[in-house]
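The model shown is predicted, which means the values in this text are computed figures rather than measured ones.
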Amino acid sequence: MAYTKEIENLIENLHLVAEKRQEFAHHIQNVVQIIQKAEIEGQNKSGKLFLDREVQDLEIIAENLKNGRFRLMVIGDMNHGKSTILNVLLGKPLLPSAVNPCTAILTIIRFGEEEKVTVYFKDNHEGGLWDQEMAQCNDQEVTRHDPERIGFAVRTETMSFEQFKQEYTIDPQEAKRLEEENQEAFPDVSHAIVEYPLELLRNGVEMVDSPGLNDTHERNQLTLGYINNCHAVLFVLNATKPCTMDERRYLENYLKDKGLTIFFLINRWDELQKSAFDPDDAIEVKKHEDTQRLVFATNLQDYCTIEGSNLYQERVFETSALNALRRQVKGESIEGTGIAEFLTSLKQFLTKERAISEFRRSRTVLRDTYIRLREAIDRRVPLLAMELEQLQQAIKSVEPDFNCLQQIRNQFQQDILKTKEKTADDLAQSAYLFFSQLDKTFEEDFRPYVPPLNFFKFLWGGKRKEFERKINEGFKKYVNDKMAQWGKSAEKDLRLNVDSLTIKITQYGFEYQEIVNKINADLTGITINTSTSIDEKGDATKMPGWARFAAGATSLLLGDVVGVTGAATGTYNWRMLLGSIGLVIGVNVLLTVLFGLVLGPLGMSIILSLAGLGQTEGLRKEFLKKTKELIKKELPQVAKNAGQVVEKEVFKLFKEYQQECISRIDDDIKARKSELETLLTQKEKSEFEREMEIKRLNQVERDVFNQLQMFESMYDDLLNK
């Protein structure tokens, strides 16, 4: 099966983006080499400029550009055609496309010179490989399936495609039975990596085939954890079953307001004709289709509105993956299947929106480095003309100013600590109040999740286990939905506190930069302009790099990976990402305490105690009432535990943020001090010739500026294409 012209066009554009990525990385690497060479030469001249932090950030950015990946995760219920759609995109039937447990194994498809499948088994070591992979953002390639870089060993098994399909495939009836009994086909398997030498995957494109939405809680956690590692989500729906309750719950609880780009493929659209009242009546068929369109538009509109812009037409597609696959096998065009239109939109996102965002972040880091370099050189040149005693006096005169910088650093650290404590207290109190009061509305809230209660059927019809399974399933959904409900409230509280911290960061940034400007002026007797003509409107050019980083990195405290953009530059591997505070914090406490208390046999015992009520609606009411009474007894302890877990997790989250932000301020202050101390030492040795040193420094500035100009020119050309 060959690629269609639509996918060939996508591949061609991916090649172009990959080439640009390498070119941008080349210019950044050139800047790194220029600065590193200048620093080595400076050791025997007037001293280093101490741009270690800038060089470190540039190296990470260059590495990200060279090894840039685009991860597209496919999510959807079983039997909606996820694997078929992936096979169409890949141009080859790599994945089994029937209903089977392979869709219950998170499968990552990536480029490899050899055809192979590697199955990864579960590693329950706390903080182990999978946890570390889940914690990465942007394009940091520290992953569970790269054990040598992590330093851990993990059990794997490599096999052929045929062996993979044979060992990890069961018939549809068995798959259905396992799903009904809430069991996993392969409980010891974590995920699988499929490698294949496909052109589509050659330029860092990875496809992630996720488990179905009705899979186990553990599998859903695995999928949701990997979402933070992906750049776009492809959500597959079934045209004949518009927006089921599980799909709406999944979107609302786990994907909404997370800054994710979501493409919706309404698959099996061609089957709507068969379900119309008169399949042969074109008017009747269109009426039926329009009704379904309205249902989908009503349910999906909120997820296609970005910053007030309606992107529904660019994000929602009516498709027939099976027809597309059949045409692909025959070498025919896939026009008219909806897949071609989706590919056009995906290409626009991948080669324009996503690429431009990535390159913009890189440009921000490069600009900041040039500004810092020019400031250092503009300060160094006048100091070279001073006599030794004059330089000593000048350096001594600015010591109080350095103390002021240190005070700002200390004040900022105290504000982070205060914000951490207030946030932890606010969210812990919020969790306690929310969960301690669940009983007040339990009967009404839990009612939709309760399966039909037919007493005699359960008691004498051999359906006891079925009832226990269904009540378990309903209660899990109830708890998860409640967690998501609390999470939205908690995120508002978190955002208020973080926004207040961001305002203070801006204030500290301006104060810090004013003191830096004063230090420069007191040292040199001239005003050094730290802004630059190449900065475009809207850039925070008057704040030091650490402040721009700290302000941007607050997005990570909110679990908003996309919101980081250029401010935080993506140059730090954040271990704690709060993708959804309602998902991460406290949920295990509730699952552990409440599931063991209410579900399964206990639910059945309640039914038995209500035998006299028969099969009426009264049975349901009394069941809810009795269940509420049992929950109410445990809620105080559950709420207390939830509050403690929330407090602990918030502390961990802010600890990472504080360490990185404060270390950047420390590095900046230390670099500025070390620069002056080294210059003074070199002056005492008199080991350099002033005019030659000025010429060398100016040449360094010109060389870096030339690389920046070439980067800017390439970036502008890309924008205008």
Side-chain angles (χ1 to χ4, degrees), residues 1 4-7 9-10 74-89 91 93 95 97-99 103 172 176 212-214 233-252 255 262-305 310-349:
M1 183 169 71
T4 62
K5 63 179 181 180
E6 294 85 2
I7 298 180
N9 184 257
L10 174 62
V74 183
I75 294 176
D77 237 336
M78 294 182 70
N79 204 26
H80 277 13
K82 300 195 309 294
S83 296
T84 302
I85 287 171
L86 273 171
N87 287 334
V88 172
L89 297 179
L95 301 172
S97 54
V99 181
T103 49
K176 184 177 181 181
L213 303 187
N214 285 325
V233 172
L234 178 53
F235 202 99
V236 182
L237 301 148
N238 189 332
T240 63
K241 301 176 182 178
C243 296
T244 66
M245 185 178 79
D246 282 328
E247 288 168 341
R248 293 196 299 270
R249 288 180 56 255
Y250 204 92
L251 285 167
E252 185 67 20
L255 300 183
I262 307 175
F263 293 93
F264 294 96
L265 293 195
I266 308 175
N267 198 30
R268 299 184 173 177
W269 191 262
D270 55 311
E271 295 182 14
L272 287 180
Q273 180 179 358
K274 302 175 185 177
S275 59
F277 181 76
D278 185 355
D280 297 324
D281 187 337
I283 297 177
E284 182 64 29
V285 170
K286 184 179 184 305
K287 181 180 178 181
H288 182 50
E289 290 179 341
D290 287 344
T291 300
Q292 298 296 78
R293 286 191 181 99
L294 181 60
V295 173
F296 282 111
T298 301
N299 284 280
L300 303 180
Q301 188 67 60
D302 288 347
Y303 310 100
C304 302
T305 302
N310 186 350
L311 300 179
Y312 191 86
Q313 298 301 320
E314 292 82 18
R315 293 290 184 264
V316 182
F317 302 90
E318 301 165 359
T319 66
S320 173
L322 187 57
N323 284 341
L325 188 63
R326 288 168 176 165
R327 294 186 187 182
Q328 208 170 34
V329 170
K330 297 177 182 178
E332 300 174 355
S333 171
I334 58 175
E335 287 285 349
T337 64
I339 300 294
E341 291 79 2
F342 160 67
L343 287 172
T344 299
S345 187
L346 178 64
K347 181 185 72 175
Q348 173 69 20
F349 169 76

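Lys286 is linked by a side-chain hydrogen bond (donor to acceptor under 3.5 Å, both in side chains) to Asp290, counting only residues two or more places apart in sequence or in another chain. Residues satisfying the ring pair (Phe, Tyr, Trp, His ring centres under 6.0 Å) criterion with Phe317, sequence neighbours excluded, are Phe342. For Arg248, there are no side-chain hydrogen bond (donor to acceptor under 3.5 Å, both in side chains) partners at least two apart in sequence or on another chain. When the side chain to side chain contact (heavy atoms under 4.5 Å, CB included) test is applied to Ile7, the partners found at least two apart in sequence or on another chain are Tyr3, Thr4, Ile11, Gln328, Leu343. A search for side-chain hydrogen bond (donor to acceptor under 3.5 Å, both in side chains) contacts involving Ser275 returns His288, not counting sequence neighbours. Asn310 meets the side-chain hydrogen bond (donor to acceptor under 3.5 Å, both in side chains) test with Gln301; sequence neighbours excluded. Evaluation of the salt bridge (Lys or Arg N to Asp or Glu O under 4.0 Å) rule for Arg315 yields Glu353 as partners, not counting sequence neighbours. Glu318 is linked by a salt bridge (Lys or Arg N to Asp or Glu O under 4.0 Å) to Arg293, counting only residues two or more places apart in sequence or in another chain. Remark: Asp302 pairs with Lys256 by the side chain to side chain contact (heavy atoms under 4.5 Å, CB included) rule, at least two apart or across chains. Residues passing the side chain to side chain contact (heavy atoms under 4.5 Å, CB included) test with Thr240, sequence neighbours excluded: Asn238, Glu271, Leu272. Ser320 meets the side chain to side chain contact (heavy atoms under 4.5 Å, CB included) test with Asp270, Asn323; sequence neighbours excluded.
For the atom pair CG (Leu89) and CG (Leu346), the distance works out to 7.5 Å, reported to the nearest 0.5 Å. If you take OG1 on Thr84 and CG on Leu265, they are separated by 12.0 Å, rounding to the nearest 0.5 Å. For the atom pair CG of Asp278 and CD1 of Ile283, the computed distance is 10.5 Å after rounding to the nearest 0.5 Å. From Lys82, atom NZ reaches atom CG of Asn87 across 12.0 Å, with rounding to the nearest 0.5 Å. Here the CD1 atom belonging to Ile262 is positioned 11.5 Å from the CG atom belonging to Leu311, to the nearest 0.5 angstrom.
Phe264 pairs with exactly one of Leu300, Val233, Thr319 by the side chain to side chain contact (heavy atoms under 4.5 Å, CB included) rule, that one being Leu300.
Taking 4.5 Å as the limit, every side-chain heavy atom of Phe296 sits out of range of all side-chain heavy atoms of Val316. The shortest side-chain heavy-atom distance between Phe349 and Glu314 does not fall under the 4.5 Å cut-off.
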task: Please assess Tyr303 against Phe235 for the test side-chain contact (heavy atoms from CB on, under 4.5 Å), listing each intermediate value before the final yes or no.
output: CA-CA 11 Å; Tyr303 310 100; Phe235 202 99; over 6 Å; no
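In terms of heavy-atom proximity, Ile85 sits nearest to Ala321 at CG1-CB, 3.4 Å. Here the closest non-hydrogen pair linking Ile334 and Ala324 is CG2-O, 3.6 Å.
Without hydrogens or angle criteria, Thr344 side chain to Ala340 main chain gives a donor-acceptor distance under 3.5 Å. The main-chain N or O of His80 is found under 3.5 Å from a side-chain atom of Asn267 such that the two form a donor-acceptor pair.
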